[in-house]
Amino acid sequence: MAKGESFSQVLQRTRERLSRVLQGVLGRSSSVAELLEDVEEGLLQADVGVEVTEIVLQRLRHALRRGEVHQGAEVLALLREVLQSLLPVPPPESFPGDPTVVMLVGVNGFGKTTTAAKLAYRWQQQGKRPLLAAADTFRAAAIEQLQRWAQTLGIPCIRHHYGSDPAAVAYDAVHAARARGLDVVLVDTAGRLHTKTALMAELEKLVRVLRRLDPVAPHETFLVLDASIGHNALAQAREFVHHLPLSGVVLTKLDGSARGGMALAIAHTYGLPIRYVGTGEGLGDLLPFEPAAFVEGLLSAVPTAAH
Ligand SMILES: Nc1nc2c(ncn2[C@@H]2O[C@H](COP(=O)(O)OP(=O)(O)O)[C@@H](O)[C@H]2O)c(=O)[nH]1
Ligand SMILES: [Mg+2]
């Protein structure tokens with residue numbers, strides 16, 4: 001089982017793309033215009049996106065013009081501050097339900113099923129008793145995949161057969177958790193159906209049925225986004241944002257991605273906090289999101305004198 005990496009490690013490739021920003025800020029550029037150009041190119045290359053890059057540039061431009069910052073270290077400190085201010089601080093983990101219901105939604109292949117298993121593992125380590133619900137009934141392989149994770153973890157997995165109603169699976173899962181006194185139900189869902197409309201209708205029904213059992217369920221609905229796809233993942237997931245009561249994002253596959261800058265675009269585009277980050281395929285490869293540590297990981301290839 002992989003031990004899990006730090007932000008500094010998983011952001012290495014993104015940081016390489018940002019090196020232009022640092023070179024610019026820390027002295028390469030001979031004028032303010034050149035500095036801003038270096039920052040712009042670096043941010044765009046790391047997939048921060050045009051809109052957020054423009055916000056960052058405006059803040060820097062403004063501070064430079066008013067003489068609030070002058071030299072490299074000051075500009076860098078401001079840059080850190082601006083980037084961090086763009087990342088909402090996630091709420092602390094809490095388990096208010098009986099059981100707490102956590103739903104994972106998102107495009108096929110983005111990492112929902114793996115994340116369900118990782119969260120179950122994480123909470124199991126904290127002494128919670130989780131249960132997995134196989135509500136992606138569109139693909140037989142998805143049910144088996146979740147079942148295998150449940151076996152590895154030694155926890156129950158509620159499953160019906162392929163093609164059955166996902167809302168019925170979730171309903172049974174909550175009942176089973178209550179009957180067995182379990183704390184958390186993780187609902188894995190489909191990322192693809194015959195049409196997008198059908199998928200959204202199915203997920204909305206899932207929420208309605210859960211609310212019949214507990215008016216405030218699902219207590220968390222996480223949108224799972226694939227960092228290796230970068231900005232494009234945001235466009236692909238738009239439907240989910242419009243149809244579901246999302247409470248946060250899990251950004252998967254940050255390991256090996258040079259597009260970690262998309263984390264900054266997520267908050268801006270969706271107004272959602274990132275809650276966890278996936279750093280590999282193993283059960284332990286999940287980090288709770290921390291804006292300060294994340295920004296530090298983005299910009300840490302800096303000589304200490306510049307801090
Ligand atoms: N490297 C890496 N691979 C991941 C991560 N999360 C998921 N995957 C892989 O991505 C693929 C799709 O994941 P899966 O959970 O089946 O996606 P789903 O279709 O959304 O349920 C699998 O091969 C996973 O092992 C991650 O954080 N890092
Ligand atoms: Mg899946």
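Every number for a ligand or one of its atoms is a count from 1 in the order of the listing. Please read these numbers as outputs of a predicted model, since none were measured by experiment.
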What do you reckon, does [X] put a non-hydrogen atom under 4.0 Å from ligand 1?
X	value
L254	no
D285	no
G106	no
G109	yes

Using a 4.0 Å cut-off to any heavy atom of [X], which atoms of ligand 1 qualify?
X	answer
V107	20 (O)
T279	27 (O)
F110	17 (O), 20 (O)
T113	15 (O), 21 (O)
G278	27 (O)

Check your understanding: Could an N or O of ligand 1 be found under 3.5 Å from any N or O of Q145, whether backbone or side chain?
Key -> yes

**Study point:** Test of proximity, R139 against ligand 1: N or O pairs below 3.5 Å
**Key:**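 No: no nitrogen or oxygen of R139 is under 3.5 Å from one in ligand 1.
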
Exercise for review: Hey, can you tell me if F294 and F289 have their rings parallel, tilted or perpendicular (30° and 60° cut-offs)?
Suggested key: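 Rings of F294 and F289: tilted, as their planes differ by 30° to 60°.
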
Check your understanding: Where on R192 is there a heavy atom closer than 4.0 Å to ligand 1, on the side chain, on the backbone, on both, or on neither?
Key -> neither

Practice item. Would you mind telling me if ligand 1 is within reach of the side chain of T115, the backbone, both or neither, using heavy atoms under 4.0 Å? Key: neither

Which protein non-hydrogen atom lies closest to [atom], naming both residue and atom, and how far is it?
atom	answer
atom 17 (O) of ligand 1	G111 N, 3.0 Å
atom 3 (N) of ligand 1	E281 CG, 3.3 Å
atom 15 (O) of ligand 1	T114 OG1, 2.6 Å
atom 26 (C) of ligand 1	G280 O, 3.0 Å
atom 27 (O) of ligand 1	K253 N, 2.9 Å

Point to revise | Aromatic centroids of F95 and H219 separated by under 6.0 Å | key: no

Check your understanding: Between R80 (side chain) and V295 (backbone), is there a donor-acceptor pair under 3.5 Å?
Key ->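 No.
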
**Study point:** Positive for side-chain contact (heavy atoms from CB on, under 4.5 Å) with L132, one of I158, V184, L186
**Key:** L186

[X] with [Y], same ILVMFWY side-chain cluster at under 4.5 Å:
X	Y	value
F222	Y270	yes
L272	V48	yes
I55	L83	yes
L57	V25	yes

Exercise for review: Tell me, yes or no, whether the heavy-atom count around R178 atom CZ, taken from other residues, nucleotides or ligands under 6.0 Å, exceeds 12.
Suggested key: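 Yes, enclosed.
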
Check your understanding: Heavy-atom count around Y171 OH within 6.0 Å, excluding the residue itself: above 12?
Key -> no

Point to revise | T113 near the Mg ion (ligand 2): N/O/S under 2.8 Å | key: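 Under 2.8 Å: T113 contacts the Mg ion (ligand 2) through an N, O or S atom.
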
Check your understanding: So, are D183 and R129 salt-bridged, with charged N and O less than 4.0 Å apart?
Key ->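 R129 and D183: not salt-bridged.
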
Exercise for review: State plainly whether the residues D188 and K112 are in salt-bridge range, i.e. N to O under 4.0 Å.
Suggested key: no

Review point. Out of T252, V10, D255, D188, who gets a non-hydrogen atom closest to atom 1 (N) of ligand 1?
Key: D255

